[in-house]
Engineer: 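For reference, the structure I am asking about is given below.
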Amino acid sequence: MINSDQIKYPHLVLVVDDQEINRDLLGMILEDEYEVIYAQDGLEALEKIREYQNRLSVVLLDLLMPKMDGFAVLEAVHNDEYLNHIPIIVLTAEKSAELRALQMGASDFITKPFDMHEVIIARVGRIIELSEGRKLISAAEHDQLTGLYNKNFFFEYANRIYQYNPEWEMDAVVMDIEQFHTINALNGRKFGDNILRILGNEIRAFLAETNGIASRFEGDRFDIYCRRQDDYQSLMDRFQNKVNDVVKNANVRLRMGVKPWRPNVEPAVLFDRARSACNMARGNFMTNLVIYDDDMQKRELLSQRLKNELRQAVEEHQFRVVYQPKYNIQYDPPRLSSAEALIRWNHPELGMISPSDFIPLFEGNGQIRIVDNFIWAEAARQIAEWREKYGITIPVSVNLSRVDVFDTTLKDRLIGLVRDNGINFTDLKLEITESAYTENGDQLITLIKQLRKAGFEIEMDDFGSGYSSLNMLSAMPIDILKMDMKFVRNIEYSETDLRLIELVVDIAHYLKTPVIAEGVENERQLALLRGAGCSFVQGYYFSPPVPAEIFEKFIARELKLREQKSDPA
Ligand code: C2E
Ligand code: CA
Ligand code: CA
């Protein structure tokens, strides 16, 4: 439970009276014990109440004032679900007005000319106590553990601040705790809860100084919506130090992401970006604070744009397929064996966009299917076209994405393509990246078994790029192993890498799985690979990925070789 005396800051009192003498008098009485702010009329009073709504303890309100009188203020506050928790004590000389004010929601009254000082202090103190007690008990909108708002109430509240006070420069701050689940697992839940409570207290103390609101969004994530701060690093340090003071024998590391205020950006968007920034601080030992900047903004806008324009891009034929040949190097000269289809996006304004920039985006939001459908269909069509035109079949491999593992329609879509184009299952090969195996091993094995049963051949792409182990190879039902480029890159300089390649090739041979080396760029690499027993090669040495028309010259050359030797490769 929240303990109200954990929060050590003076209560804030707003004194509203059009007469200066009354303001001075009340100020003099209250200033010893409270922080006092003032307003001269009803309009100014409402403004201040809105501005300080989350830390205002009580309002002392004169009833008869120019511009907007006290009754109007009472009514406005009473009808506002975000303000009506703030207690109001009316200042009045008339009995009838007293009654009316109480009926309109005033908590108490102080009569003019003013009562004895002690009476005023006692009344103000009692009302604050009462209202805080009430807040603690009936706090459905609060998070029990930290006393901060819960996320729904917080966002409603933030939206209102944004709506009604658009000129307030409110930054979004997201803070969380690195490896919080591990901390809980190691030290117990009580320990974890205590850290959250300490942070909750310190956040509330901070808010009391700055004006703002905060919530425990969930678990160990805190959202703070506060007036612009000059120095977030020191705020971060303040929270971290507080935790360090209390937690002596464990290493608890906080992370913070900040999205600075921009006009006309609503809180939900600000907090999304603050969270992205906070995530960027993850596992980053250089810094535990990331402030969302223009570069990140640009990248995020670009991502958003690409996502929005994908469909249109397909319709307007901005995508095309390029083909990179794979050669069988056990022959001399090497022989064309197949091709890999790779996608290219030629954007009318942004120019050529690399697949590494857009594939992950579309994997993230499910749109990858649109890309896949396009390129698979195009590849299948191309195989049939070449067979028709040249009388030989050039198998083409397409890339499956890691999220395709979960697509229950995948198999039928692929089978449909093979049937519709009258090609063989083994003509359309499927490349699946190694990291997909490590992420969803079991699902993937099931899927691959089904695809192979249908007749497809599977190539494991990027082998050795991640956390694969050699014994994984025997568990995986694959047809071809595609070694990652990084092995090839160092093969000329590193004896170890060369030995590694030999080892992989040996094991693959033992498993009767051919090996393809990717990223072969020069003659020397080719010779070493050949010597290591690697049968197939793909890379700039032979050709970069090229459009279908250009690829046809490799087919023509291959046809010539076949005529000369009359032994099909
Ligand atoms: P990947 O499947 O490993 O494709 C090989 C990448 O290496 C291609 O980059 C290719 O252009 C490049 N490359 C080929 N030979 C060489 C070489 O000798 N040296 C060097 N330095 N690079 C070489 P690209 O086309 O930019 O594709 C990057 C990645 O994007 C691909 O890696 C693949 O993971 C993904 N991708 C490309 N097209 C598709 C697609 O249609 N569907 C899916 N799901 N992913 C795709
Ligand atoms: Ca590939
Ligand atoms: Ca690859």
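For clarity, every value in this text was computed on a predicted model and none was experimentally measured. Order of appearance sets the numbers: ligands from 1, and atoms from 1 within every ligand.
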Engineer: Are Tyr149 and Phe155 an aromatic pair, judged by ring center distance below 6.0 Å?
Structural biologist: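 For Phe155 and Tyr149, the ring centres are not under 6.0 Å apart.
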Engineer: Would you say Glu156 and Asn152 are linked by a side-chain donor-acceptor pair, where the criterion is simply a distance under 3.5 Å?
Structural biologist: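 On atom types as modelled, these side chains do not qualify, holding no pair under 3.5 Å.
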Engineer: Please list all pairs passing the salt bridge (charged side-chain N to carboxylate O under 4.0 Å, His left out) test where one or both residues lie in residues 509-530, with sequence neighbours left out.
Structural biologist: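 Those involving residues 509-530 are Lys482-Glu518.
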Engineer: By the definition salt bridge (Lys or Arg N to Asp or Glu O under 4.0 Å), identify the one residue from Arg216, Arg221, Lys151 that meets it with Asp143.
Structural biologist: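 That would be Arg216; it is the only one of Arg216, Arg221, Lys151 passing the salt bridge (Lys or Arg N to Asp or Glu O under 4.0 Å) with Asp143.
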Engineer: If I only include protein atoms of type N, O or S, how many are less than 3.0 Å from the Ca ion (ligand 2)?
Structural biologist: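 Of the protein's nitrogen, oxygen and sulfur atoms, 4 lie under 3.0 Å from the Ca ion (ligand 2).
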Engineer: Run through all N or O atoms in ligand 1 and write down each protein N or O closer than 3.5 Å, as a pair with its distance.
Structural biologist:
residue  : atom   : partner : partner atom : Å
ligand 1 : 2 (O)  : Glu340  : OE2          : 3.3
ligand 1 : 2 (O)  : Asn399  : OD1          : 3.2
ligand 1 : 2 (O)  : Asp461  : OD2          : 3.1
ligand 1 : 3 (O)  : Asp462  : OD1          : 3.3
ligand 1 : 15 (N) : Gln324  : NE2          : 2.9
ligand 1 : 18 (O) : Tyr540  : N            : 2.9
ligand 1 : 19 (N) : Glu521  : OE2          : 2.5
ligand 1 : 21 (N) : Glu521  : OE2          : 3.2
ligand 1 : 22 (N) : Tyr540  : OH           : 3.4
ligand 1 : 25 (O) : Arg344  : NH1          : 2.9
ligand 1 : 25 (O) : Arg344  : NH2          : 2.9
ligand 1 : 38 (N) : Ile343  : N            : 3.2

Engineer: Does any donor atom in the side chain of Asp237 or Gln233 lie under 3.5 Å from an acceptor atom in the other side chain?
Structural biologist: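 Per modelled atom types, Asp237 and Gln233 side chains form a pair under 3.5 Å.
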Engineer: For Asp407, is there an ion pair with Arg413 - N to carboxylate O distance below 4.0 angstrom?
Structural biologist: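 Result for this pair is yes, salt bridge flagged.
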Engineer: Between Arg562 and Glu558, does at least one N-O distance fall below 4.0 Å, as a salt bridge requires?
Structural biologist: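 Answer for the salt bridge query: yes.
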Engineer: By the ring-ring contact (aromatic ring centres under 6.0 Å, His included) test, which pairs, at least two apart or in different chains, include something from residues 532-551?
Structural biologist: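 Of all non-adjacent pairs touching residues 532-551, those that pass ring-ring contact (aromatic ring centres under 6.0 Å, His included) are Tyr327-Phe542, Trp386-Phe551, Phe551-Phe554.
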Engineer: Is Glu459 paired with Lys429 through a side-chain N to carboxylate O contact shorter than 4.0 Å?
Structural biologist: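 Salt bridge: no.
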